[in-house]
Structure formats: structure tokens, C-alpha cells
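Order of the sequence lines fixes the chain letters, A, B, ..., with proteins taken first and strands second; residue numbering starts at 1 for each chain.
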Amino acid sequence: MSIRDKIFEIIAEQAMLDVSDVSGDSTLESLGIDSLGLVESIFAIEEEFDVTIPFNANEPEKSDFDISSVDTIVSGIEALVAAKL
Amino acid sequence: MRRVVITGAGTINALGQSVAATMEAMREGKCGIGPLEFRDVERLSIQIGGLVKGFEAEGLFNRQQMTLYDRFTQFTLCAADEAVKQSGLEFTGELSARSGVVLGTAGGGVSTWDDNYRSVYEDGKNRVHPFVVPKLMNNAACSHVSMQHNLKGPSFTVSTACASSNHAMSQAFTMIRTGMAEVMVTGGSESMLCFGGVKAWEGLRVMSKDACRPFSANRNGMVQGEGASVFVFEEMEHAKARGADILCEVAGFAMSSDAADIVMPSKQGAARAISGALTDAKIDRSEVGYINAHGTGTVANDKTECAAVADVFGPHADALMISSTKSMHGHLIGGTGAVELLACIMALRDGVIAPTIGYEEADPECALDVVPNVARETNVDVVLSNAFAFGGLNAVLALRKI
């Protein structure tokens, strides 16, 4: 499964939606994921790909990790996974 | 001063998963203590406890709730549901703002600490689930009860080891009595029966390897239990006005500190709490028919407690009954006073005194009527519930038949 598919799956599970209801330009907010759901999603993604996401829940907008949409999360994770290799 | 009554009760413990089941087991003198069953139990020297068996949290709570509810919170929510349902109260508007939650626990989310320490220390993981803190915090159960039942008044958690529940219920009682609140959901819970929890207790060398036999000459220590009990305390006129079924009155309480030793109990500290509760409730000592003892089954507690009772009651100490239901459900530490309050309610309402089971040999240092092994049917009008914690912190409640 690609990184993109896996992330879609994790986010869909967190939002209690079907994967087909998640699109690249969805924001987590639009999927009904609140702040607790966000840190839980980040945890699940870190566990899945064994990466550390530079995300600070105090100041999400100042973090080096863009969570503004599902697409930005996917490209952020792809970069982190690539950096690991 | 306003009077306070109990209009709802709920529980889950080794004897049963409802008040009716628990009282039935107490009446029959059943023992809920048995072999412990969890990971690494073979590495423990203490392998018995009052485990709650057959409790399936997965069916009761959804996935999101499961990530936030430690076992002690799960127990609390089940007990609170039963209690609130029985009371018939619905918390909305002004009543919601004037009703709160005060609960006791000594350890809070012990198994959450245990599981996650295991994961980072033993399994070498470097990341834990984001909800570890909100799951393990001592006030988690209190907060979830408040959210579940829309209780928006004064709410907090009390942690005074084995007296946590009695201190919590004392605070809930005071708040209603003084007019700070109309209704309080109160009691306590504990869930320490996991490898790390029992391992810590082993260290003190106060645990029995075979049974909890309070007041018996051959007693050899305490046995731990788990579970919760939650009650609805309500201002008496409020309860009467809505025609509520009143279980009994909470008549008074007292607290004291031994200011002496971190683990050894003190006769004076216990006696001051017992006599203080009588004074507070304006009860003459001759009226007391039953005492639910702290009765841990340790050599030190039981003889000190009996000496304190003898001191406070004089000749009447030989006429009253005193039993320890820890022999059946184990010592629920911060939740124990709450579960034991059920035996007090049963005594007042049903005229059934729960026995001290496992009693085998008379001890001249515990020469009171400890209701050995078999429950007794008799009428009592006033009862006390003792709790004496490690650290010398004591809390005694007085209850009266309505």
C-alpha cells in the first residue's frame, strides 16, 4: 500500500468515515477531526511509518509540518520517509 | 442545617456488577477473592485478589472512549450510570449547575501507567499514545462522570489512600449540607490489579497469600480488590419533594489525622474520627447498631481498630456489631469506603448485617461481635463506616435509617 493510501486509511478511521469520503483537499476540520483527533492521527501516522512528525499542538501554525489538508500531510510524510532512507 | 439523603447507588466489584448482585453476595457471605489473571502474574509472590471478572468494556464503550477510559474510569462510569438511573434525576438547567461530582481514588489509572512504562522500558518503544495523560490522571473518572451526566457544579477527586472514598463522600455531604450544592454524585473507584500495581504492594509485606481474614487470630494480611461504587447524595427536602425513594440519611462525618506514622495506624486518631462523627451527627453512642470496619486483615489495623471502638463506645462496644466486608470483595484501596457503604445501606434498609467471612480463630485483641462468617438479620437504626488510610488520614461516616 502506498504512503498516500495508508494515510487516507488512517485519517478515515479517525474520522469514522469511509476512505472514499476522504479527498486530498479535505481539511481535517472538514472531516470532523478535532484537536484530540489530530494528535491521535499524528500518533497513528508516526507509528505506521516510524517517523517523528515535527508538530507542536500548542502552535500548529508555527510547526514545520503542514496539516492544512490531507494532501499536505501526505507530501510531508513522503518527505520524512524519504529522508529516512 | 440542611439534611442529606442517598437516593441512588451503583457498583461494580468482585462480588457483583450491580448493587442487587453485590448485596445478595454479601448476604450469602460469598467470597469474591480468587486467583489473579493478568500478564506476568507468575512473577508475583502475591497471586490472589478480588478481580472483577466477566466485565467486557469493549461492548459498553466506543473506540474513542476506550482510548480515554482507564479501567478505573470504566468501573466508575458503570457505577455512576446505575446510581443516577436509580435516583431518577436528570441534570439540566439550574439543577445541573448546582450538582457536582466528588470521587475518591488512590492510584487513578494505574494500569495505564503500567502498560505504557512497559512499552517504553521493556519493549523499548519511544512513543506512547497521545491520551496517556488524560487517561491516567486521578480526576479522569470524575471528569467523565461530570460530562456524561451534565454535572456542572463543584467537582474534584480526593486521594487519601484507603480513605479516599470516605473523604470524598464527606466532602459531597458537606457541600449539600452547607448549601453549596443540591445533588452530588460521589463515591470512589480503584483498579490496581495489574503487574506493577501488585508488585508495588508486595514490597510492603502486608499482603496475604491465601485469604483476607479480618479479626481472626490467624489473619495474615490484606487482599486487594478492584471496582467502584457511586452514590447520589441529595438534599432531603429536594428528594422528598419529588417523591424519591430514599435509601438512608447521611447524618454526619468526621476526619482526623494521626500525625504519627506513615503506615502504622493509631488508636487515638481512629477514635477521634469515630467519636467526631457521632458528635457531628448528634448521635448518642448507644444508638449505633453496626459499624462497617476498616478491617483490612492486617495484624496492626484490626487490633488498633477494635481498641479504638472499645475506647469510644465503652460497654456499648460489646452490644454493637462490627464486620469487615473486605473479606469478601477485597480491599479496594481508594474505592473501598464506597463499596463498603453498600453494606451500611443494606443494614439500615434490609436489616441484614454483612458478615466477616474467613473468620477462623478468636483473637483476644479483637474481642468484639465481628458477625463471623454468616450474615445476621436484625434491625439497626444508626451505622458507621470507618476508613483509616496509610499516612494516618482517617474519615468516618455516620448513616441513619429514614
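Atom CG of residue B:Asn126 and atom CD of residue A:Glu46 lie 11.0 Å apart, to the nearest 0.5 angstrom. In this structure, the separation between CD1 on A:Ile42 and CZ on B:Arg127 is 11.0 Å, given to the nearest 0.5 Å.
Enclosure of atom CD in B:Gln64 by more than 12 non-hydrogen atoms of other residues, nucleotides or ligands within 6.0 angstrom is indicated. When the shell of 6.0 Å around CE of B:Met180 is examined, it contains 12 or fewer heavy atoms from other residues, nucleotides or ligands. Residue B:Lys152 places its NZ atom among 12 or fewer non-hydrogen atoms of other residues, nucleotides or ligands, all under 6.0 Å distant.
Residues of residues 25-40 of chain A lying under 4.5 angstrom from chain B, judged on non-hydrogen atoms, are A:Leu36, A:Val39, A:Glu40 by number.
A:Glu47 has its side chain out of reach of B:His129: every pair of non-hydrogen atoms, C-beta onward, lies at least 4.5 Å apart.
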